[in-house]
2 protein chains.
Amino acid sequence: MQQAVVPDEEVSVAPLSTARLADQAYEQLREMIVSGRFAMGTRLIEVQLAKNFGISRAPVREAMRRLVEDGLVDERPRVGYTVAEFDAAAVIDLYNVRLSLEATSIRLATRRGMATAPLRDLIDRMAAAARAGEQARVSRYELDFHAEICRASGNALIAHLFHTLEGRLLMAIALDNEGQADLQAIATEHTPLIAAIESGDEQAAAATMTGHILSTVKPLILRLGGDPGQLLVPLDHSEPA
Amino acid sequence: MQQAVVPDEEVSVAPLSTARLADQAYEQLREMIVSGRFAMGTRLIEVQLAKNFGISRAPVREAMRRLVEDGLVDERPRVGYTVAEFDAAAVIDLYNVRLSLEATSIRLATRRGMATAPLRDLIDRMAAAARAGEQARVSRYELDFHAEICRASGNALIAHLFHTLEGRLLMAIALDNEGQADLQAIATEHTPLIAAIESGDEQAAAATMTGHILSTVKPLILRLGGDPGQLLVPLDHSEPA
DNA sequence: AGTCTGTCGCCTGTCGACAGGCGACAGACG
DNA sequence: CGTCTGTCGCCTGTCGACAGGCGACAGACT
């Protein structure tokens with residue numbers, strides 16, 4: 001017979017899934033879309049999805065609303081929903097926003113002297129996933145890395161917006177899935193960011209960040225037939241050392 | 001008897017309101033919130049709102065979802081919705097995001113050589129509204145001015161994000177409603193932006209924009225008891241000429 | 001053959017009703 | 001008197017059903 005432990009002190013308990021059907025539907029649909037299980041342009045029909053999930057249309061509808069907001073689903077009123085299309089131009093738009101947001105994000109985090117231990121931990125996980133060849137896990141940890149900096153910036157709005165962009169970022173990365181296999185490099189490329197944050201030099205940290213982002217997205221845009229010259233570098237560091 | 005005109009060529013017809021109840025509820029609630037008709041922290045109860053609007057809960061619910069996304073309403077799952085709280089810290093967060101997004105926005109618009117005629121028109125409207133002392137209209141045209149630049153940037157994501165931020169911006173401005181009455185100045189302050197765009201110098205345009213935004217928000221933050229030193233200036237132009 | 005028009009079916013938009021969780025209040029106990 | 005516990009009411013989360021708009025197809029007309 002197992003003995004229940006009843007501590008006197010408060011104990012932080014896992015959030016134990018909100019269990020809202022709408023949340024679950026959102027998570028699952030999001031996963032299906034960014035993993036490429038639904039081809040771009042595929043029609044998403046509320047009734048079908050509801051039947052597949054074994055739930056009613058209401059929570060599905062709410063999930064769709066959020067996916068539209070995330071840019072993963074296109075909506076035509078009175079007509080229906082389709083999986084969003086994604087091309088080189090969209091990637092450029094996305095990364096121009098990302099460049100400017102993350103430059104600000106790391107500047108704030110650096111200014112506040114954020115703790116870098118969680119970042120080191122994420123790099124370790126990235127490296128481990130890379131050794132295992134699990135690209136999806138590498139991508140997720142990489143986004144977690146950047147999200148952690150956003151959180152540490154102390155700017156809740158930036159953190160929220162980055163979360164909103166994560167879906168689009170995953171789709172952009174997925175566009176490239178048969179592309180590069182240099183997973184190891186991804187992990188190592190994040191180390192300079194930690195050093196930059198610890199240096200306390202905001203401008204340098206921002207330059208490191210923009211250089212890092214540019215180096216990962218330029219090849220992608222080239223492979224998609226886009227023009228990397230349309231990428232905008234915040235700050236005056238057009239070419240990071 | 002009026003004769004119907006049936007042109008051979010395609011004619012762009014006004015979108016004639018989508019007439020979705022959810023859209024109307026969203027617009028009305030948004031207006032009520034940003035105009036300060038609901039005090040911050042006020043509970044918003046779906047059933048009551050639905051009854052007041054004379055509609056069912058479904059469209060109200062969808063409107064609430066969007067307001068939450070816009071940051072105008074806070075949600076606590078299984079508990080309810082409240083009108084979002086807004087303080088100096090929130091304004092600083094908001095404007096740090098705005099500074100970085102709009103710097104990028106005007107750089108892109110300048111690079112593409114956007115037409116400035118619509119901007120001049122909006123300045124005229126601003127001035128007219130200012131003469132009439134209608135602060136709300138001034139604010140709206142001002143946001144339209146910036147939104148127009150976002151659209152002209154050619155980056156659909158920036159335009160979308162700016163639209164998302166507009167509600168928060170209106171709330172921030174509303175915080176200050178008993179404050180400054182220098183409405184005329186608002187209109188004239190926008191003229192240098194047009195010149196900067198026409199100059200074709202991206203960096204200069206961005207610097208003008210950040211300077212413009214800073215000059216409007218710094219007094220507001222001071223009045224709210226915040227520290228303007230927490231504002232981040234993109235690019236290296238800490239102090240615009 | 002091409003174009004216009006009328007019809008049909010599918011899917012969204014909306015509705016009212018039920019179930020369940022959370023907070024508030026009141027009562028019991030130390 | 002303070003704290004804990006049980007109860008109650010309100011509001012959200014979810015459900016199934018109906019109405020109406022939009023697109024696709026087929027037929028008629030030029």
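The chains referred to below are lettered A, B, ... by the order of the sequence lines, with proteins before strands, and numbering in each begins at 1.
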For dT7(D), give the paired nucleotide (Watson-Crick: N1-N3 plus N6-O4 or O6-N4; G-U: N1-O2 and O6-N3; both under 3.5 Å), or none. dA24(C)
With a non-hydrogen cut-off below 4.0 angstrom, is L49(B) in contact with a base, only sugar-phosphate, or nothing? nothing
Under 3.5 Å donor-acceptor pair, R57(A) side-chain atoms to dG13(C) base atoms: yes
Looking at dC15(C), dC11(C), dC11(D), which one has an atom nearest to any side-chain atom of R43(A)? dC11(C)
Counting heavy atoms from C-beta on, name the nucleotide in dG23(D), dC22(D), dC11(C) closest to the side chain of I45(A). dC11(C)
Among dC11(C), dC22(D), dC11(D), which is the nearest nucleotide to the side chain of Q48(B)? dC11(D)
Salt bridge E166(B)-R30(B), side-chain N to carboxylate O under 4.0 Å: yes
Residue S56(A), side-chain atoms from C-beta onward, closest of dG13(C), dG16(D), dG13(D): dG16(D)
Whole-Å distance, K51(A) NZ to dG16(D) P, equals 12 Å
Counting heavy atoms from C-beta on, name the nucleotide in dC15(C), dG13(C), dT14(D) closest to the side chain of L21(B). dC15(C)
What's the CG-P distance between D23(A) and dT12(D), to the nearest Å? 16 Å
How long is the line joining CD of E75(B) and C1' of dT12(D), in whole Å? 10 Å
Presence of R20(A) side-chain N/O under 4.0 Å of dG13(D) phosphate oxygens OP1/OP2: yes
E46(B) CD - dC15(C) C1' separation (whole Å): 14 Å
Please determine if R125(B) and E148(B) form a salt bridge, counting it only when a charged side-chain N lies under 4.0 Å from a carboxylate O. no
From the list dT12(C), dT14(D), dC22(D), which nucleotide is the closest neighbour of the side chain of V79(A)? dC22(D)
When rounded to whole Å, the CZ to C1' distance for the pair R66(A) and dG13(D) reads 12 Å
Side-chain contact check for R76(B): nearest option of dC15(C), dG23(C), dT14(C) is dG23(C)
How close or far is atom C1' of dC11(C) from atom OH of Y81(A), stated in whole angstroms? 10 Å
In whole angstroms, how far is the P atom of dC15(C) from the CD atom of E62(B)? 12 Å
To the nearest Å, give me how far apart CZ (R65(B)) and P (dT12(D)) are. 11 Å
Please determine whether a side-chain nitrogen of the Lys or Arg among D70(A) and R66(A) lies less than 4.0 Å from a carboxylate oxygen of the Asp or Glu. no
Taking the basic N atoms (NZ, or NE/NH1/NH2) and the acidic carboxylate oxygens, is any pair closer than 4.0 Å for R37(A) and E31(A)? no
Under 3.5 Å: donor-acceptor pair, side chain of N155(B), backbone of D93(A): yes
Within the structure, does a side-chain N or O atom of R78(B) lie under 4.0 Å from either OP1 or OP2 of dC11(D)? no
